[in-house]
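Chain naming here is simple, since letters A, B, ... match the order of the sequence lines and numbering starts at 1 in each.
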Number of protein chains: 2
Amino acid sequence: MTRRKESILEAAAILFARKGFNETSMSEVSKISGVAQGTIFYHFKSKEGLLLAILEDLKTRVLEAFEEFYRNENFSCGLEMVEGAIAFYLDLASRLEDRFMVLHRHISYELALQNPGCRRCMEAIFDCFVDIFEQAIGQGQTDGSIVALPPKKAALILHTMVDGLVRLETYQLYEASSLYEELLELCRRMLANTVSTE
Amino acid sequence: MTRRKESILEAAAILFARKGFNETSMSEVSKISGVAQGTIFYHFKSKEGLLLAILEDLKTRVLEAFEEFYRNENFSCGLEMVEGAIAFYLDLASRLEDRFMVLHRHISYELALQNPGCRRCMEAIFDCFVDIFEQAIGQGQTDGSIVALPPKKAALILHTMVDGLVRLETYQLYEASSLYEELLELCRRMLANTVSTE
DNA sequence: AGCTTGACTGACTGATCAGTCAGTATCTAA
DNA sequence: TTAGATACTGACTGATCAGTCAGTCAAGCT
């Protein structure tokens, strides 16, 4: 990846995230990235191709972070791993704020509907997120820290909750960070196995 | 409200919901609504004014539904009222599917940032949703069916969960309706007061 | 030196779109 | 009946934008 290509990708990600895809013109991307407009079309075949490249790049980063989470995994029980997964997710969303905003834009879902490559990419990202929660719940059910419930469904709901917090932050509708402790507490109550297995 | 104006509003709501605001041209709105393009600008001062009118109309409908919910309120305890509120929200989102999709579009939040009237409208809708949950939680804490926790924060998280389910349905990422029972169960565990108050 | 190639440039184009406007039709009330 | 108001029309305009293309430039090879 040349430096030029990277700076186009970075500028486009920021603009698509903050202004939106259709609200951003290629001449703006060229201005912000400091690259001539023609150069963008030399590296990316179209505006949509540029969006796809941003999503592919995000997929790579998410999968890397995902693997790191498992490598450093060191939780005393599944319930604690769920808490770790929530913290991991929120940390990732904050570090990759602009990329998550692009991911949350409708345009990405619309592109996924008409472009199989994009759909595979979006699914990989989404599956990765849900997987973390599902693994943690599965482990918790094995070690007895989490109550019996369908792991996949609970993982989807968990992801929805945590991602909702990220959305609240994005839209600045509420001081979302102040909800973090509450969210953890509610998730614990939601999942914790209160019946002793001994 | 003339019949012409209504059909413009209806067509625009459907198009803005399914295709997006910037992806919909005024000539499409005119074609679908069966009204000349000039007529749209006779009734609405601009394309953004049309979006604002859709949101104002939604606000009216939501506030009406909200009042009806309270009128028919007949729950044995606060926890049951929370369940009723979740059912109410999902039913409303399904009946007003297209309007909710418009509400979920970034463009609505962006318009709210630059147009105070739009912001007041969006806040009224949002507050109304969170209020239902907050009232229910408050009642549950009074009657002892719901555990002690900050009602506003818990209401925000509840809304996030239920709205997340609506989003899953919109994006067709998962057979979301199959999550309904699970969601109810998790919310019950999350909020239920397990300590006897007697 | 001469040749090739990949990176890069920015002026240009055809298409699209929001919004305008001059004019027509329909209604209403005196 | 008619004058004025309100509702409606669709061709038109100026602006914007994605994408193109003819050509420059520098690095590497022979």
Side-chain angles (χ1 to χ4, degrees), chain A residues 1-57 102 105-108 110-115 117-118, chain B residues 1-57 102 105-108 110-115 117-118:
Chain A
M1 178 111 69
T2 63
R3 282 186 55 248
R4 278 291 180 35
K5 206 173 166 184
E6 260 176 272
S7 67
I8 294 167
L9 225 43
E10 185 63 25
I14 289 171
L15 287 166
F16 290 173
R18 304 193 188 167
K19 298 192 55 179
F21 182 76
N22 284 288
E23 292 74 14
T24 300
S25 69
M26 293 304 259
S27 68
E28 273 178 290
V29 177
S30 114
K31 221 172 70 186
I32 298 291
S33 62
V35 156
Q37 201 175 332
T39 309
I40 303 175
F41 287 97
Y42 174 75
H43 288 293
F44 306 94
K45 85 172 204 293
S46 66
K47 196 182 181 187
E48 284 189 353
L50 180 52
L51 174 60
L52 183 55
I54 292 169
L55 293 172
E56 294 280 5
D57 176 63
V102 174
R105 293 240 166 221
H106 284 237
I107 187 76
S108 302
E110 273 142 28
L111 184 58
L113 285 179
Q114 64 179 68
N115 181 322
C118 182
Chain B
M1 177 111 69
T2 63
R3 283 187 55 249
R4 277 290 181 33
K5 207 173 166 183
E6 261 177 271
S7 69
I8 294 167
L9 226 41
E10 185 62 26
I14 290 171
L15 287 166
F16 290 173
R18 304 194 188 166
K19 298 191 55 178
F21 181 77
N22 284 288
E23 292 74 13
T24 299
S25 68
M26 292 304 258
S27 70
E28 273 177 290
V29 177
S30 117
K31 220 172 70 187
I32 298 291
S33 62
V35 155
Q37 203 176 328
T39 309
I40 303 176
F41 287 95
Y42 174 77
H43 288 292
F44 307 94
K45 83 172 206 294
S46 66
K47 195 183 181 186
E48 282 188 355
L50 180 53
L51 174 59
L52 183 54
I54 292 170
L55 292 172
E56 294 280 5
D57 177 63
V102 174
R105 293 242 167 217
H106 284 236
I107 187 76
S108 303
E110 274 142 28
L111 185 59
L113 285 179
Q114 63 178 66
N115 181 322
C118 181

Task: Charged N-O contact under 4.0 Å between E110(B) and R105(A) - done: yes

Rounded to the Å, how far apart are [X] [atom1] and [N] [atom2]?
X	N	atom1	atom2	result
L15(A)	dC17(D)	CG	C1'	15 Å
E23(B)	dT16(C)	CD	P	16 Å
K31(A)	dA18(D)	NZ	P	13 Å
N22(A)	dT16(C)	CG	C1'	13 Å
K47(A)	dG19(D)	NZ	C1'	12 Å
M26(B)	dT9(D)	CE	P	14 Å
L50(B)	dC17(C)	CG	P	16 Å
L51(B)	dA18(C)	CG	P	13 Å

Open item on the list: So, using ring-ring contact (aromatic ring centres under 6.0 Å, His included) as the criterion, who are the partners of H106(A) when residues are at least two apart?
Closed with: Y171(B)

Show me the side-chain donor-acceptor pairs of residues 31-38 of chain B shorter than 3.5 Å, one per line, residues at least two apart or across chains.
{"residue": "S33(B)", "atom": "OG", "partner": "V29(B)", "partner atom": "O", "Å": "2.7"}
{"residue": "S33(B)", "atom": "OG", "partner": "S30(B)", "partner atom": "O", "Å": "3.4"}

What N/O pairs connect the protein and nucleotides 8-12 of chain C at under 3.5 Å? Give each pair on its own line.
{"residue": "dC8(C)", "atom": "OP1", "partner": "R4(A)", "partner atom": "NH1", "Å": "2.9"}
{"residue": "dC8(C)", "atom": "OP2", "partner": "H43(A)", "partner atom": "NE2", "Å": "2.6"}
{"residue": "dC8(C)", "atom": "O5'", "partner": "R4(A)", "partner atom": "NH1", "Å": "3.4"}
{"residue": "dT9(C)", "atom": "OP1", "partner": "R4(A)", "partner atom": "NH2", "Å": "3.4"}
{"residue": "dT9(C)", "atom": "OP2", "partner": "A36(A)", "partner atom": "N", "Å": "2.9"}
{"residue": "dT9(C)", "atom": "OP2", "partner": "T39(A)", "partner atom": "OG1", "Å": "2.5"}
{"residue": "dG10(C)", "atom": "N7", "partner": "G38(A)", "partner atom": "N", "Å": "3.4"}

Open item on the list: What's the closest nucleotide to the side chain of S46(B) if the choices are dG19(C), dA18(C), dA18(D)?
Closed with: dG19(C)

Task: Given F21(B), F44(B), F16(B), the one that forms side-chain contact (heavy atoms from CB on, under 4.5 Å) with I54(B) - done: F16(B)

Task: Y42(B) six-ring centre to K5(B) NZ/CZ under 6.0 Å and within 45° of normal - done: no

Open item on the list: Tell me whether the count of non-hydrogen atoms from other residues, nucleotides or ligands lying under 6.0 Å of NZ in K45(A) goes above 12.
Closed with: no

